[in-house]
Amino acid sequence: MTEIDQIINHLTLDEKISLLSGFNSWYTNKIDQKNIPSIKMSDGPNGVRGDSNSGKSSACFPCAISIGSTWDLELIKKIGVALGEEAQAKDVDVLLGPTINIHRHPLGGRHFESFSEDPFLTGKIATNYVQGVQSQDVAACLKHFVGNDTEYERHSISSNIDEKTLREIYLLPFEMGVKQGNAKVVMSAYNKLNNIYCSSHQELLIQILKKEWGFDGYVVSDWGAALETEENANGGLDLEMPGPGNVWGKALISAVKANKVSEDLINDKVKRILSVAEF
């Protein structure tokens, strides 16, 4: 039994579920008496914001579409290292980047934040970016998983994508970032994929990401994208942000007690979050 397993065995259900929602906009909950620290997350892909309270300035890096235009993987890894150093200086544990959505739609208002319309190039960039950031003991977060093509009605729109297109264009850079880059965190998208919210998408988050690709980190919701209690929990989401808990918290405790969500599934979510805290 691992140390993390031992910690989980000594947590109450209430304590476990407290770890699955944020404390505030950027921090997870901590449990001092169980020696469980808070995880600090920060935007973003072209500069480390921190928690906006420190007063420290941030270096501004070129936007992703400019970085993608270089095709220079060595330079991109150096940028990742520099971003990791910036994150360390602001006590950030998880950098919320890179954004690796594909340029596919004319209403994609955040294309500047993504690298390319080419999935293989994007995957190579993501791999080197992640390796650079994580060389500084800061976890990188691949986002937004997946099909986040447009900002128009982004909380409700569905990206309807057939299997071949999904695999070859949309999923490939995430697969490369997980398998080759060993990214520790993945952020689920606001949108639906084939009419199922990405934060509740069991096939996407559990079958493909966690089982097929062997992803052992945690899945965090985009900020405010967690909209469903049982569906999010059973669908593969691990951490609801921002905090305090909106659709989880007491509602998730009730769902577990009603046998609508298994405690084993809760334990898996906690284990994933603690493994990143340990990283």
Side-chain angles (χ1 to χ4, degrees), residues 1-44 48-56 58 84-97 133-134 136-141 183-188 199 210 215-226 229 232-233 236-257 261-279:
M1 181 180 292
T2 67
E3 183 179 350
I4 289 177
D5 289 326
Q6 291 176 344
I7 291 171
I8 293 171
N9 283 343
H10 288 90
L11 295 176
T12 66
L13 178 62
D14 286 20
E15 287 173 330
K16 292 174 188 176
I17 287 178
S18 74
L19 297 173
L20 306 185
S21 297
F23 173 72
N24 58 18
S25 293
W26 302 113
Y27 292 82
T28 64
N29 282 293
K30 61 180 179 178
I31 305 176
D32 289 330
Q33 60 270 34
K34 302 291 175 68
N35 295 316
I36 296 175
S38 176
I39 296 173
K40 181 179 180 180
M41 291 169 278
S42 172
D43 283 332
V48 184
R49 178 190 295 180
D51 57 13
S52 302
N53 294 320
S54 68
K56 293 182 180 179
S58 298
E85 291 172 344
E86 285 268 305
Q88 281 277 18
K90 295 190 174 186
D91 298 320
V92 169
D93 303 300
V94 178
L95 180 67
L96 300 174
V133 171
Q134 294 190 167
Q136 303 305 302
D137 297 325
V138 175
C141 174
K184 294 297 181 184
V185 182
V186 169
M187 182 186 292
S188 61
S199 296
K210 294 179 178 178
F215 175 67
D216 60 1
Y218 69 76
V219 178
V220 60
S221 70
D222 203 341
W223 268 226
T229 299
N232 285 169
L237 186 69
D238 299 310
L239 177 61
E240 173 196 13
M241 288 298 290
N246 180 29
V247 297
W248 280 0
K250 291 181 180 179
L252 185 53
I253 292 171
S254 297
V256 174
K257 290 181 176 178
V261 177
S262 76
E263 190 162 355
D264 285 344
L265 192 57
I266 299 299
N267 291 343
D268 179 70
K269 298 177 190 302
V270 173
K271 185 172 184 176
R272 290 172 178 277
I273 291 169
L274 295 184
S275 71
V276 174
E278 190 177 60
F279 173 82

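Computed over heavy atoms, backbone and side chain alike; hydrogens, waters and symmetry mates excluded. Quick caveat, the model's predicted, so the values are computed rather than measured.
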Residues forming a side chain to side chain contact (heavy atoms under 4.5 Å, CB included) with D32, sequence neighbours excluded: K30

Please enumerate all residues that pass side-chain hydrogen bond (donor to acceptor under 3.5 Å, both in side chains) together with D91, with sequence neighbours excluded. none

Q134 side chain to K184 main-chain N or O, any donor-acceptor pair under 3.5 Å? yes

Let me see the working for I253 and L13 under side-chain contact (heavy atoms from CB on, under 4.5 Å), right down to the final yes or no. CA-CA 7 Å; I253 292 171; L13 178 62; 4.2 Å; yes

Determine the minimum heavy-atom distance between Y218 and I273, stating which atoms define it. CD2-CA, 3.7 Å

Those residues that, when tested against S221, pass side-chain hydrogen bond (donor to acceptor under 3.5 Å, both in side chains) (two or more places apart): none

Rounding to 0.5 Å, atoms CG (D222) and OG (S188) come to a distance of 7.0 Å

Please report the closest heavy-atom contact between V220 and C141, naming both atoms and the distance. CG1-SG, 4.2 Å

Strictly below 4.0 Å, N to O, side chains only: are D43 and R49 in salt-bridge contact? yes

A233 versus L265, closest heavy-atom pair with distance: O-CD2, 3.2 Å

E278: salt bridge (Lys or Arg N to Asp or Glu O under 4.0 Å) partners, not counting sequence neighbours: none

Measure the spacing between NE2 of H10 and CD1 of I31 and express it to the nearest 0.5 Å. 13.5 Å

Show your reasoning for whether salt bridge (Lys or Arg N to Asp or Glu O under 4.0 Å) applies to D238 and K210. CA-CA 11 Å; D238 299 310; K210 294 179 178 178; 3.0 Å; yes

Set of side-chain hydrogen bond (donor to acceptor under 3.5 Å, both in side chains) partners for S58, sequence neighbours left out: K90

So, does N232 use its side chain to make a donor-acceptor pair with the main chain of L237 at under 3.5 Å? no

Steps toward side-chain contact (heavy atoms from CB on, under 4.5 Å) verdict (L239, I39): CA-CA 11 Å; L239 177 61; I39 296 173; over 6 Å; no

The reported gap from OG in S38 to CG in N29 (rounded to nearest 0.5 angstrom) is 7.5 Å

Just grab all the side-chain hydrogen bond (donor to acceptor under 3.5 Å, both in side chains) pairs involving residues 239-248, residues at least two apart or on different chains. S21-E240

Between CG on residue N9 and CG on residue N267, distance to nearest 0.5 Å: 7.5 Å

Kindly indicate whether the side chain of V94, heavy atoms from C-beta on, has any atom under 4.5 Å from the side chain of V138. no

Which residues satisfy the side-chain hydrogen bond (donor to acceptor under 3.5 Å, both in side chains) test with K250, sequence neighbours excluded? none

Contacts of type side chain to side chain contact (heavy atoms under 4.5 Å, CB included), residue K271, not counting sequence neighbours: I4, D5, I8

Could you measure the distance from the CG atom of L19 to the CD1 atom of I266? Nearest 0.5 Å is fine. 11.0 Å

Check whether any side-chain heavy atom of M187 sits under 4.5 Å from a side-chain heavy atom of M41, and report yes or no. no

On a heavy-atom basis, which atom in P37 and which in T28 lie closest, and how many Å separate them? O-OG1, 4.4 Å

Among residues at least two apart in sequence or on other chains, which ones pass salt bridge (Lys or Arg N to Asp or Glu O under 4.0 Å) with K257? none

Would you say the side chain of E86 lies within less than 4.5 Å of the side chain of Q136, judging by non-hydrogen atoms? no

Distance, nearest 0.5 Å, that separates OG of S42 from CH2 of W26: 6.0 Å

Taking salt bridge (Lys or Arg N to Asp or Glu O under 4.0 Å) as the definition, give me every residue that meets it alongside E85, ordered by chain and number, with sequence neighbours left out. none

Locate the shortest heavy-atom distance separating L95 from V92; write the atom from each residue and the value. N-CG1, 4.2 Å

With sequence neighbours excluded, tell me which residues meet salt bridge (Lys or Arg N to Asp or Glu O under 4.0 Å) with D268. R272

Could you pull out all residues at least two apart from N35 that satisfy side chain to side chain contact (heavy atoms under 4.5 Å, CB included)? none

Which heavy atom of V276 sits nearest a heavy atom of A139, and at what distance? CG1-CB, 4.1 Å

